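Notes for the one structure printed next.
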Amino acid sequence: MGTKTSTGTIILASILLAAALTALLFAGAGVVGTPFPAFDLFDLMARTLPGGLLTFGIDLMVDTIRALNLGPTDDIAKLAEQLMAVGVFVLLAAVSIVIYFLIARRVFARSARRRDSLLSGLVLGGLFGLPMMAISASLNLTATAEPVVSLAWVAAVFVGWGLAAGYTFYRLSAVSPTAETEASATALNRRQFLIQLGGAAATITVVGAGLGALLRNTPSAPPEESIQTNAAELPNADNAVSPAPGTRPEYTPLDQHYRIDINTGGPPRIDLENYTLKITGLVEEPLELTLDEIQGYEPMSQYITMSCISNRLAGDLISTTLWTGTSMQHILERAKPTPEATHIKIKAADGFDEVVALDVIRQDERVMLTYAWDNEPLCERHGAPLRIHIPDLYGMKQPKWITEMEFIPAWEEGYWVRRGWDKEARVRATSVIDTVATEAAYEDGDRTLIPVGGIAWAGARGISRVEVQVDDGDWVEAQLRSPLSDKTWVIWRYDWPFEAGEHRFAVRCIESDGTSQIETVAGVRPSGATGIHSVSRIV
Ligand SMILES: Nc1nc2c(c(=O)[nH]1)N[C@H]1C(S)=C(S)[C@@H](COP(=O)(O)O)O[C@H]1N2
Ligand SMILES: [Mo]
């Protein structure tokens with residue numbers, strides 16, 4: 001590359017080539033289901049880098065996108081994660097090309113021949129591509145293409161990319177060292193080449209990204225007909241306390257249930273036909289249980305509210321649905337742990353894991369191996385075919401996509417605990433104002449009342465009382481709707497005597513045993529958010 005090739009040109013060409021590479025890989029993932037190394041690399045980083053590092057970046061993006069009010073937190077967080085993954089990959093690829101250009105310029109000086117350039121480009125393709133392929137091979141859980149096809153495609157793309165980089169180097173460095181006139185002809189030539197490169201790379205990037213996005217197999221959205229199937233039969237349907245208009249649905253439509261997991265590209269693929277749950281470790285004899293066998297045990301159904309420990313005060317990472325499965329006590333009986341066994345390490349298809357004490361299972365029959373949600377077999381994104389429910393704990397303690405239960409002799413840290421989150425992750429009591437329903441104002445004698453309402457939840461500990469404060473007034477008791485179960489949120493409402501002006505509404509709750517909600521404000525990390533939720537409204 002002649003001295004006349006500016007740094008800007010080098011960087012521009014590198015970014016163009018890196019973007020085209022990424023788009024081609026993305027297109028393959030969408031069209032034929034080959035791995036997308038950008039997501040795999042990010043999954044690797046997420047699993048190996050210190051917990052806070054990526055979270056910081058993702059949080060930043062989530063906050064930004066949230067500020068623009070673009071949709072539910074879980075979707076935004078996943079999008080932010082994917083954008084970061086793509087950004088990191090493009091950056092790495094571009095930097096690799098820049099480095100390659102700089103080295104090639106030294107090695108070949110001004111006499112770069114076409115063959116040398118292409119060969120050295122191949123070396124670049126291999127040096128960058130092989131580790132990426134290794135990462136995908138060991139980590140990718142979502143690819144649907146045959147491994148041979150995946151290998152061939154991804155290898156071909158990296159080879160093609162290396163050759164393109166080599167050729168670009170050749171064209172940009174083809175400087176005639178002598179005649180002035182030829183030098184200007186070379187400059188023209190180089191400019192034309194850059195325009196061609198730009199056009200080709202932009203086309204590949206746009207078409208590839210479009211194809212990939214269009215054909216990406218987005219994890220099975222729950223079937224339409226499952227939405228609200230239970231609404232008619234909710235156990236508290238005839239309760240006298242009706243939710244204030246604008247309160248969130250008491251029973252979350254399945255397609256709106258929040259979703260959080262560590263997988264950038266989507267849920268891990270599990271062959272349901274041949275699935276077995278492995279029982280290993282300190283048991284009389286290792287076992288494999290089929291789904292039929294598990295579903296043969298006495299079934300139980302529980303209405304359950306689950307929340308992510310990352311749910312911010314009044315956030316949307318909390319939902320309620322009907323969980324169906326069998327008590328873990330049956331599994332324990334079948335597994336026959338040896339006397340040394342004290343805990344089960346629950347392992348999942350995506351590398352996630354958590355640990356539950358045998359004592360918890362023995363003392364609480366509601367700890368449940370779950371295979372259905374909302375009267376439908378668990379859908380892909382919520383953990384098909386098996387997930388566990390452990391009452392009173394945040395979602396981080398409850399693996400989805402369970403593949404193995406290993407009986408172990410002592411407690412161990414689970415996936416998020418190793419990354420600095422709460423060892424116990426017992427849910428914090430929370431109460432939220434969903435609505436100040438001015439449009440539903442009604443007359444009551446000589447007063448006008450405005451329904452105010454929302455939810456309160458304290459895991460399996462239950463809520464005994466919810467109180468509302470308007471401005472600096474007294475805390476007044478709200479009405480409670482009977483909950484769907486002792487583990488779901490409670491819908492509360494307070495019909496507030498209207499006074500014009502701007503007002504601040506605050507809510508707090510008290511658990512069944514009289515414990516008050518923690519009022520001190522704390523963020524989600526490491527133990528879950530606390531604090532009083534309040535909203536200001538001009539009425
Ligand atoms: N295998 C696996 N299980 C998992 C997770 C995960 O990343 N992988 N995330 C956990 C977290 S942090 C939460 S909050 C819940 C969310 O369950 P949902 O996505 O079905 O709502 O799943 C838990 N179980
Ligand atoms: Mo979570």
Side-chain angles (χ1 to χ4, degrees), residues 39 42-43 46-47 51 54-55 58-59 62 72-78 81 139 141-142 219-222 226 252-270 277 304-312 315-325 345-356 368-374 376-405 414-422 424-428 430 457 459 523-529:
F39 288 171
F42 200 76
D43 276 350
R47 282 155 177 73
L54 289 175
T55 326
I58 294 174
D59 273 357
V62 171
T73 312
D74 50 359
D75 292 345
I76 289 170
K78 200 48 88 188
E81 200 175 307
L139 227 84
L141 300 161
T142 55
S220 74
S226 74
T252 313
L254 198 48
D255 65 334
Q256 285 168 32
H257 196 291
Y258 87 89
R259 168 195 43 137
I260 291 289
D261 46 65
I262 57 173
N263 310 300
T264 310
R269 275 203 342 128
I270 296 182
L277 170 66
I304 289 168
T305 297
M306 179 173 61
S307 168
C308 183
I309 197 166
S310 298
N311 193 35
R312 301 165 196 211
D316 56 6
L317 301 180
I318 180 170
S319 307
T320 299
T321 193
L322 183 66
W323 296 49
T324 303
K345 181 170 183 168
I346 305 172
K347 302 181 189 172
D350 56 350
F352 188 86
D353 62 277
E354 248 306 332
V355 168
V356 60
M368 179 172 76
L369 191 54
T370 304
Y371 45 76
W373 260 24
D374 192 38
E376 300 278 342
L378 263 185
C379 58
E380 211 183 347
R381 62 171 160 185
H382 290 299
L386 291 175
R387 67 182 300 161
I388 195 163
H389 164 62
I390 308 170
D392 221 32
L393 302 187
Y394 281 118
M396 63 169 263
K397 287 279 166 185
Q398 317 194 41
K400 314 190 261 191
W401 307 298
I402 298 175
T403 52
E404 181 180 338
M405 296 198 170
Y415 185 91
W416 283 118
V417 179
R418 294 195 292 275
R419 287 161 179 77
W421 292 80
D422 197 288
E424 280 214 49
R426 192 159 298 284
V427 302
R428 256 84 192 273
T430 187
W457 183 60
V524 296
R525 199 175 162 87
S527 305

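Whatever order the structure lists ligands and atoms in, that order sets their numbers, starting from 1. Quantities reported herein were computed from a predicted structural model and do not represent experimental measurements.
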- Query: Any idea which heavy atoms bring Trp457 and Val427 closest together, and the distance?
  - Reply: CH2-CG1, 3.6 Å

- Query: Taking all non-hydrogen atoms of both residues, which atom of Pro385 and which atom of Leu378 are closest, and how far apart?
  - Reply: O-CD1, 3.8 Å

- Message: Just verifying a value: how many Å separate Ile270 CD1 and Lys400 NZ, rounded to the nearest 0.5 Å?
- Response: 11.0 Å

- Message: Could you go through Trp401 and Asn263, starting from their C-alpha distance and side-chain angles, then the distance that decides it, and tell me whether this counts as side chain to side chain contact (heavy atoms under 4.5 Å, CB included)?
- Response: CA-CA 12 Å; Trp401 307 298; Asn263 310 300; 3.5 Å; yes

- Item | Candidate list Lys347, Arg47, Met396, test side chain to side chain contact (heavy atoms under 4.5 Å, CB included), partner Tyr415, passing option | Arg47

List, pair by pair, the atoms of ligand 1 and of the protein that are both N or O and lie under 3.5 Å apart, giving the separation rounded to 0.1 Å.
unit_1   : atom_1 : unit_2 : atom_2 : d
ligand 1 : 1 (N)  : Asp350 : OD1    : 2.9
ligand 1 : 1 (N)  : Asp350 : OD2    : 3.2
ligand 1 : 1 (N)  : Lys400 : O      : 3.0
ligand 1 : 3 (N)  : Lys400 : N      : 2.8
ligand 1 : 7 (O)  : Ile262 : N      : 2.9
ligand 1 : 8 (N)  : Asp350 : OD2    : 2.7
ligand 1 : 9 (N)  : Ile260 : O      : 3.3
ligand 1 : 17 (O) : Arg387 : NH2    : 3.1
ligand 1 : 19 (O) : Ile260 : N      : 2.9
ligand 1 : 19 (O) : Lys400 : NZ     : 2.5
ligand 1 : 20 (O) : His382 : ND1    : 2.7
ligand 1 : 20 (O) : Arg387 : NH1    : 2.7
ligand 1 : 20 (O) : Arg387 : NH2    : 3.4
ligand 1 : 21 (O) : Tyr258 : O      : 2.7
ligand 1 : 24 (N) : Gln398 : O      : 3.0

- Item | CA sep, side-chain torsions, deciding dist, call: Trp421, Ile309, side chain to side chain contact (heavy atoms under 4.5 Å, CB included) | CA-CA 9 Å; Trp421 292 80; Ile309 197 166; 3.6 Å; yes

